[in-house]
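For reference, the structure discussed in these notes is given below.
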Amino acid sequence: MAKSKNYARKLSYISVPSQIINTLSSSSLQSLLVSPKKSYKNNGFKRFLSLNFYRSTRLWFFTLFLFGLCGMLRFGFNLDPLIPFSPYPCLTSQLQDSFMVKNTGSQLGFAAKSEGNVEKDEILNAKSEVGGESKSGKDEILKSVNQSQPLITKGYADTGEESEFWKQPDGMGYKPCLVFTRDYRRQSEEVVKDRRKYLLVVVSGGMNQQRNQIVDAVVIARILGAALVVPILQVNVIWGDESEFSDIFDLEHFKSVLANDVRVLSSLPSTHIMTRPVEEKRTPLHVSPQWIRSRYLKRLNREGVLLLRGLDSRLSKDLPSDLQKLRCKVAFHALQFAPPILELGNKLADRMRNKGSYLALHLRMEKDVWVRTGCLPGLSPENDEMINNERKRRPELLTGRSNMTYHERKLAGLCPLNAIEVTRLLKALGAPQSAKIFWAGGEPLGGKEALLPLTQEFPHLYNKEDLALAGELEPFANKASLMAAIDYIISEKSDVFMPSHGGNMGHAIQGHRAYAGHKKYITPNKRHMLPYFLNSSLPEAEFNNIIKELHSESLGQPELRAIKAGRDVTKYPIPECMCNNSHAHSSL
């Protein structure tokens, strides 16, 4: 109690602001100062005080001011606004406004980076990392002082709608489970010991198309019981990329992972170099293992070397369970990118991650894509005319359904989404305007102007050139396959992924994200949503609800491959490669 009394005694002091003192007249102040006091025994001292000290009103005024100032400091009067670097900012509207302005500035810095100020942004990021501890301390103080206020992060309020966009689908407990049968493991001993049969393959297309063919090449080698010579990558006629297998993929890792399934060689042994291989240029589509054995095995045993070209979609998508597991093992484990690609890809993905949750878009807006699909970009009459003229000049580039008009293709969902449609779709699905977006793909027809509808609504848009420091991409210049591999890594590591058009990269990433635990993957339902895009009378709220409903089952949820015939197991790895029981595990 004594302690509390002393504390109370301390609290008896009051502060007198100078404004109040200034309102008192000198006579009033004088009457206050000469109020009755205890008499002093020493008359000389009393005379001194009354004649000198009490008459010095300026000195007494200064003394009261000092007492008032001490009281203000004692009660913890908030002086933070007067201190430029206060460690405890108060939650006033003025400081909240300054906090928002500061974050807006950082966002503008991000946007400026997309215009080329990369090094400046890297310095800012480095500074923010150094000061991360103190910043987190401030966030904790803000949160504990006023829980009723919305949490302010990265310059915007974290509303329920925004957090819903980043929510991941229910993976239903599915995990990788590559457990091969006893018969498969027993046959493996014979396959890896064989020294009489060798398979050569030439794969074509872009990097992701080559990946698919490499997967099938391994499976065909297993079916034939032959050793696989490292696949030869055909020079791409569009991009002129002369990269070899080991430039894109980690060859030693590839050999090591498949050591118990197929023997992989860097080249033909000297005993077979002069052998004239059995060459097959036109393997039919979707052939079965039985067809492959009956067609090639006898000749392969006789000649020792088989050369296959153009393996794209040649092997059936419906194979025995062990061979489906082998496909997954190749696609998700063996085909790892070469160390230089992996290092830079992970580094750029980390730079995106440092900005917060991010969305990856695969934009198919290149000139050759518009020509091949028979679609029009819709940017301007000049660009549309350019595509039409190119298509007339090179009709062989059009990929299928040449009897359909552009509008028929569009309504059938066969055309890539342009920037306007991508923007409307993302907004309808609840993507926040502050979302950080990485876009993969080649230079769009029309350059930066083609992306304006997207950047105006979502200003934080980056590609690998924006994220890389000066010189980091130089080793990969003019090598489209290596650049595509970097795009693949950054996209696969994103929180949300969405392609603007179907394709090999989108399919590969869909399977990869499913195998990694069903990370969110938005599949645009183009055929059903485009009629609503064309209905300008539809209120925005109603439009958004319709679009969300159309995509409620297209967000990367687990899907059984067998629901539809001909589905690729590397795109839909359930049930052959993933299980959802407590005993599921991966046996590599």
Side-chain angles (χ1 to χ4, degrees), residues 161 164-170 359-365 369-370 372-379 399-432 435 437 439 441 453-454 457-458 491 496-511 513-514 518-568 571-572 574:
E161 184 178 8
E164 183 72 19
F165 179 78
W166 303 111
K167 184 179 179 181
Q168 297 298 311
D170 181 7
L359 159 72
L361 294 176
H362 185 209
L363 299 179
R364 305 304 311 278
M365 299 169 58
V369 173
W370 296 116
R372 287 188 290 105
T373 57
C375 301
L376 298 176
L379 295 170
T399 54
R401 306 197 185 189
S402 57
N403 60 329
M404 297 177 68
T405 66
Y406 156 63
H407 294 287
E408 290 172 339
R409 288 174 177 271
K410 185 79 172 177
L411 292 177
L414 300 176
C415 290
L417 298 177
N418 60 29
I420 297 175
E421 293 158 345
V422 169
T423 302
R424 290 197 68 190
L425 176 57
L426 290 177
K427 288 181 64 178
L429 293 176
I437 301 177
W439 70 272
L454 189 57
E457 192 66 36
F458 300 99
S491 298
V496 181
F497 178 82
M498 187 182 85
S500 67
H501 188 56
N504 292 300
M505 178 173 172
H507 294 167
I509 290 183
Q510 179 177 347
R513 293 175 72 86
H518 291 92
K519 295 159 65 178
K520 190 168 184 176
Y521 180 104
I522 302 172
T523 304
N525 193 340
K526 291 184 287 185
R527 186 165 62 89
H528 291 99
M529 76 181 187
L530 284 176
Y532 298 103
F533 276 60
L534 300 174
N535 186 354
S536 58
S537 64
L538 202 61
E540 184 178 1
E542 185 178 351
F543 172 80
N544 293 347
N545 289 334
I546 292 173
I547 297 302
K548 285 182 180 179
E549 181 63 27
L550 286 176
H551 291 84
S552 61
E553 300 298 324
S554 304
L555 303 176
Q557 298 95 331
E559 289 187 58
L560 294 177
R561 188 189 67 85
I563 290 179
K564 294 182 180 179
R567 279 184 164 183
D568 191 341
K571 184 179 178 182
Y572 300 97
I574 299 174

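Being a predicted model, the structure only gives us computed values, none of them experimental.
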Nearest heavy-atom neighbours spanning [X] and [Y]:
| X | Y | answer |
| --- | --- | --- |
| Leu555 | Pro169 | O-CG, 3.5 Å |
| Thr423 | Pro453 | OG1-O, 3.4 Å |
| Pro499 | Ile522 | CD-O, 3.3 Å |
| Ser500 | Val422 | CB-CG2, 4.1 Å |
| Phe165 | Gly430 | CB-O, 3.5 Å |

Does NZ or CZ of Arg513 lie under 6.0 Å from the centre of the six-membered ring of Phe497, at an angle within 45° of the ring axis? no

Find out whether the Lys NZ or Arg CZ of Lys427 is both under 6.0 angstrom from the six-membered ring centre of Phe458 and within 45° of the ring's axis. no

Could you point out which residue of Leu530, Thr373, Leu534 forms a side-chain contact (heavy atoms from CB on, under 4.5 Å) with Lys410?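 Exactly one option meets the side-chain contact (heavy atoms from CB on, under 4.5 Å) with Lys410, and it is Leu530.
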
Would you say [X]'s side chain and [Y]'s backbone share a donor-acceptor pair under 3.5 angstrom?
| X | Y | result |
| --- | --- | --- |
| Gln168 | Lys520 | yes |
| His507 | Gly502 | no |
| Lys526 | Cys415 | yes |
| Tyr521 | Gly506 | yes |

For Leu426 and Glu457: C-alpha separation, side-chain torsions, deciding distance, then whether side-chain contact (heavy atoms from CB on, under 4.5 Å) applies. CA-CA 10 Å; Leu426 290 177; Glu457 192 66 36; over 6 Å; no

Pairs flagged by side-chain hydrogen bond (donor to acceptor under 3.5 Å, both in side chains) wherever residues 554-566 is involved - sequence neighbours left out: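 Non-adjacent pairs meeting side-chain hydrogen bond (donor to acceptor under 3.5 Å, both in side chains): Asp318-Arg561, Glu559-Arg567, Arg561-Glu576.
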
Pairs where residues 532-543 contributes a residue and the test side-chain hydrogen bond (donor to acceptor under 3.5 Å, both in side chains) is met, not counting sequence neighbours: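 Every side-chain hydrogen bond (donor to acceptor under 3.5 Å, both in side chains) pair that includes a residue of residues 532-543, provided the two are not neighbours, is Asn535-Ser537.
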
Atom pair CG (Leu425) and CG (Leu550), whose distance is rounded to the nearest 0.5 Å: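 Going from CG on Leu425 over to CG on Leu550, the span is 10.0 Å.
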
Hey, what do you get for CG (Leu538) to CD1 (Ile546), rounding to the nearest 0.5 Å?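 So the CG of Leu538 and the CD1 of Ile546 are separated by 4.5 Å.
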
List for me each residue that meets side-chain contact (heavy atoms from CB on, under 4.5 Å) alongside His518, sequence neighbours excluded, and say none if there are none.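 Residues passing side-chain contact (heavy atoms from CB on, under 4.5 Å) with His518: Tyr174, Ala514, Pro558, Ile574, Met578.
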
Got Met365 and His501 here, is their nearest side-chain heavy-atom distance under 4.5 Å? no

Audit row: Arg424, Met529, side-chain contact (heavy atoms from CB on, under 4.5 Å) steps and yes/no: CA-CA 11 Å; Arg424 290 197 68 190; Met529 76 181 187; over 6 Å; no

